[in-house]
Undergrad: 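Just dropping this structure here.
Keep in mind that what you see is a predicted model, and the values were worked out from it rather than measured. For the numbers below, each heavy atom of this structure counts, side chains included, while hydrogens, waters and symmetry mates do not.
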Amino acid sequence: MRHDFRDWSNSLWNKSAELGALPPEVDDEGNIEYKLKLVNPSFERLEQLITQMKWRLSEGDGEAMYEIGVDDDGTFIGLSREDMSASLATLRKMADALNADVSIVREIVLDRLAKVVRKKPTPGYVVIEALIRKRPSDKLDRFTDIRIAIVGGDGAGKSSLLGRLTYGINDNGRGRARLNLLRHRHEIESGKTSSIAHEIMGYDSEGNTINYTTNNVSSWEHICELSSKIITFLDTCGHPKYLRTTIAGLTGYAPDYACLVISATTAGLSDMTREHLSLAVMLDVPVFVVITKIDIATPDQLRHTLTSLLGLLKAPWMRKIPLFVRSKNDVMLSAPHFARHGPEVPIFLVSNVSSDNIHHVEQFFNLLPKPARAHEQLLEEPVEFQIEEVYSLPDVGIVIGGMLRKGRINIKEPEEQRTYHLGPDAKGHFIRVTVSSIHRHRVPCHYIHCGQTATLAIQSPDLVHWPVSKGMTLLGMDTPESYFEFEADMIVLYHPTGVTKGTSGMIHMGSIRQRAQITSISIAHKENEKAETGLHTSLSTPTFYSGSSSTDVVQSSRSSHVRTQSTDGDTATSGHHALCIFRFLYKPVYLHADAQILFVEGKAKCLGRITRVIPRTRSIDTP
């Protein structure tokens, strides 16, 4: 244990300092740029640099990191104080042209490093790391929004941690910090969260934290007005009774990251902690770890908890490298590498009572970039808004909350262009509704684009007799359809008896949560697939087979079982692929090909993607 802890706690920055270098620059992706110097560039060169910064900012969704005094291969060269001042002046001129701010997050004097093996530094030369963040341009798109799901077992301190971060109030050891987050009376009485709670905190362009302890801040609207970056937290349920609610939050709201909270006093990892971690890994959500209650945990309890955690992270289906964040340098190096889906998993040891190391978590959120996603292509697709919440407000009417998966909605467009199909109902029908207003984080705005969450006020004469519910979709296509059946390429991650025709369970796909049954199945697996293939590797770069088009796919009869190939006691490290046809048991839903689905029943888990939808004309209209 002691040897492993010493090796894995050696941070990325410590390794970089020993080598006198950072990892080589990635030219074609990411928001990190290396510059040796930026001293008095010509007009043409300045225009090129501004264009390059604009691209890096777009890669980071409004944020970019610049390493000044670093060669393209990552070697620390450094600059004199005079050249560094000139370079920073150029950097600020570039940022001003793009309506962005520059803040210095780290300055390194090279001759103070313990060891530099590539090149002996010139005395007094420095390297600077700068954060570039776009200023709020207007009230429409004023901030970068990152969604983080707080997951973990019952009693781990998730709500208390979130209360400490968003309200800035230390816990008293008896749950004071979480009281502001609990929504129901039974949650206050039992201390157990039973619903998905939403909270936010912000950062201004200079990296200062904006929460309820900030002067003159008393609402979400105030936080959004002062912030150029918003962290939206989804506080999930830790009790096994509410596991489906947690799964719904992870699939429906599509968080950018997951924060796994573990209590140091448990002297190990609970079953629900392992369950939540496996769910995040299956859904390909990057996970970092926060270990709470270090102020009351005994050394033996903390040692057993860390031993269990490190063992789990080393498991074949994880293959992660633990990175203990113990300093500001660790924070600055771990955030960008973590966002790149690297093997490092940042681990924070904190106390919600004494606030030990809480500032490291806050700094980590400030530097955490928005993951790069293919939103540019989805922007031009027809609108697809999945409904997670439904409200009925006086003088407003029906309000729906959820996430815009495709397209964009603008209430300043003509009424016909913001009129969409809503449905389907239990019979598979749709009605036409018009979006009259939009709110993001309780702040009115006139448009949203794909990847953003919002609440929409909708209007239609048909809404009087139309039961709007979770799982419905707002669609911009001309002739929407609903489906009872679909075919999916599945991988069985874990099933105690094997999946076969007639197996039923809960389908989780975006906002859709409904029981379905497998009506036919055919096995499809690669003959040469290695049994030791890791779960995370399989899901990060999934390969799905069509069955008939590939020569190395073997299909069996439709009555075959699909079993878990190997397990580690909780989840599979590798499994067979199968082409399954599912049928919903209660009502039709809107589906589209290539959507990710999670098929769950008890501890059984299957993951896959829809290969085709089956029109209702080929199936029975009533289940």
Side-chain angles (χ1 to χ4, degrees), residues 9 11-13 63 105-106 131 144-152 156-171 177-178 180-181 197-204 207-214 223 227 229-236 255-264 273 276-277 280 285-297 302 305-306 309 322-339 344-371:
S9 63
S11 74
L12 290 171
W13 167 243
E63 295 181 352
V105 296
R106 176 168 50 193
L131 172 65
T144 300
D145 186 15
I146 295 179
R147 293 187 294 275
I148 298 178
I150 309 296
V151 299
K158 300 186 298 299
S159 298
S160 297
L161 173 66
L162 189 50
R164 170 61 187 83
L165 290 170
T166 57
Y167 286 85
I169 301 174
N170 288 352
D171 192 34
R178 70 183 179 217
N180 293 313
L181 279 68
H198 300 254
E199 282 295 337
I200 66 171
M201 65 182 295
Y203 295 90
D204 62 20
N208 300 313
T209 302
I210 308 295
N211 57 21
Y212 291 109
T213 59
T214 307
I223 294 176
S227 302
K229 180 176 185 177
I230 294 291
I231 308 294
T232 303
F233 297 102
L234 310 174
D235 187 20
T236 64
D256 300 309
Y257 304 99
C259 171
L260 179 67
V261 180
I262 302 172
S263 171
T273 298
H276 285 195
L277 177 60
V285 181
V287 183
F288 62 95
V289 180
V290 174
I291 299 178
T292 62
K293 305 181 183 180
I294 62 170
D295 55 320
I296 60 174
L302 182 58
T305 300
L306 291 175
L309 175 61
L323 171 62
F324 289 88
V325 180
R326 301 178 296 176
S327 67
K328 185 177 180 180
N329 286 331
D330 294 340
V331 173
M332 293 175 182
L333 263 293
S334 63
H337 285 274
F338 173 68
E344 296 85 8
V345 175
I347 300 174
F348 301 84
L349 281 74
V350 306
S351 168
N352 298 324
V353 175
S354 62
S355 289
D356 289 344
N357 300 325
I358 289 290
H359 63 288
H360 289 155
V361 180
E362 294 174 338
Q363 293 169 353
F364 181 75
F365 291 156
N366 178 44
L367 298 176
L368 202 57
K370 182 78 172 179

Undergrad: Can you tell if the side chain of E344 reaches within under 4.5 Å of the side chain of S334, non-hydrogen atoms only?
TA: no

Undergrad: If you take all heavy atoms of L165 and E362, which pair is closest and at what distance?
TA: CD2-CG, 3.8 Å

Undergrad: So, does T305 use its side chain to make a donor-acceptor pair with the main chain of A264 at under 3.5 Å?
TA: yes

Undergrad: Quick check on the 6.0 Å ring-centre criterion: do F364 and Y257 meet it?
TA: no

Undergrad: At their closest point, which heavy atom of F324 faces which heavy atom of L306, and how far apart are they?
TA: CE2-CD2, 3.7 Å

Undergrad: Counting distance only, does the side-chain N/O of K229 pair as donor-acceptor with the main-chain N or O of L368 below 3.5 Å?
TA: yes

Undergrad: With rounding to the nearest 0.5 Å, note down the distance linking CG in D235 to OG in S160.
TA: 9.5 Å

Undergrad: Side chain to side chain contact (heavy atoms under 4.5 Å, CB included) for H198 and L234? Distances and angles first, verdict last.
TA: CA-CA 5 Å; H198 300 254; L234 310 174; 3.3 Å; yes

Undergrad: Looking just at side-chain N and O atoms, do S354 and D356 make a donor-acceptor pair shorter than 3.5 Å?
TA: yes

Undergrad: What are the two closest non-hydrogen atoms of G168 and T213, and how far apart are they?
TA: CA-CG2, 3.5 Å

Undergrad: With the side chain counted from C-beta on, respond yes when L161 and I358 share a heavy-atom pair under 4.5 Å apart, and no when they do not.
TA: yes

Undergrad: Apply the test side chain to side chain contact (heavy atoms under 4.5 Å, CB included) to residues V325 and F288: give CA-CA distance (whole Å), side-chain angles for both, the deciding distance (0.1 Å), then the verdict.
TA: CA-CA 11 Å; V325 180; F288 62 95; over 6 Å; no

Undergrad: Taking the side chain as everything from C-beta on, heavy atoms only, tell me whether N329 gets closer than 4.5 Å to R106.
TA: yes

Undergrad: When rounded to the nearest 0.5 angstrom, what distance separates CG in D330 from CD in Q363?
TA: 10.5 Å

Undergrad: Walk me through whether I291 and I347 qualify under side chain to side chain contact (heavy atoms under 4.5 Å, CB included).
TA: CA-CA 7 Å; I291 299 178; I347 300 174; 4.0 Å; yes

Undergrad: What distance do K293 atom NZ and L302 atom CG have between them, rounded to the nearest 0.5 Å?
TA: 13.5 Å

Undergrad: Distance-only, no hydrogens or angles: does the Y212 side chain make a donor-acceptor pair with backbone N or O of I223 under 3.5 Å?
TA: no

Undergrad: What is the minimum heavy-atom distance between V261 and K158, and which atoms define it?
TA: CB-CG, 3.7 Å

Undergrad: Going by the rule side-chain hydrogen bond (donor to acceptor under 3.5 Å, both in side chains), which residues pair with T209 if we only count those two or more places apart in sequence or in a different chain?
TA: none

Undergrad: Taking all non-hydrogen atoms of both residues, which atom of A280 and which atom of A258 are closest, and how far apart?
TA: CB-CB, 4.2 Å

Undergrad: Keeping the roles fixed (side chain from N208, backbone from D204), state whether a donor-acceptor pair exists under 3.5 Å.
TA: no

Undergrad: To the nearest 0.5 Å, how far apart are CD1 in I231 and OG1 in T144?
TA: 9.0 Å

Undergrad: How long is the straight-line distance from CD1 of I146 back to CD1 of I200, given to the nearest 0.5 Å?
TA: 13.5 Å

Undergrad: Is the backbone of I230 close enough, under 3.5 Å, to the side chain of S227 for a donor and an acceptor to pair up by distance?
TA: no

Undergrad: Which residue in the set F233, F348, F338 passes ring pair (Phe, Tyr, Trp, His ring centres under 6.0 Å) when paired with F365?
TA: F233

Undergrad: Step by step, would you call I294 with N357 a side chain to side chain contact (heavy atoms under 4.5 Å, CB included)?
TA: CA-CA 10 Å; I294 62 170; N357 300 325; 4.3 Å; yes

Undergrad: Please give me the minimum heavy-atom distance between C259 and V290, naming the atom from each residue.
TA: SG-CG2, 3.6 Å

Undergrad: Below 4.5 Å, heavy atoms only, C-beta onward: do V287 and V151 meet side chain to side chain?
TA: no

Undergrad: Would you say the side-chain atoms of N352 and T292 include a donor-acceptor pair closer than 3.5 Å?
TA: no

Undergrad: Looking at CD of E63 and CG of L367, how far apart are the two atoms once the value is rounded to the nearest 0.5 Å?
TA: 8.0 Å

Undergrad: Under 4.0 Å between a Lys/Arg side-chain N and an Asp/Glu carboxylate O for D256 and K370?
TA: yes

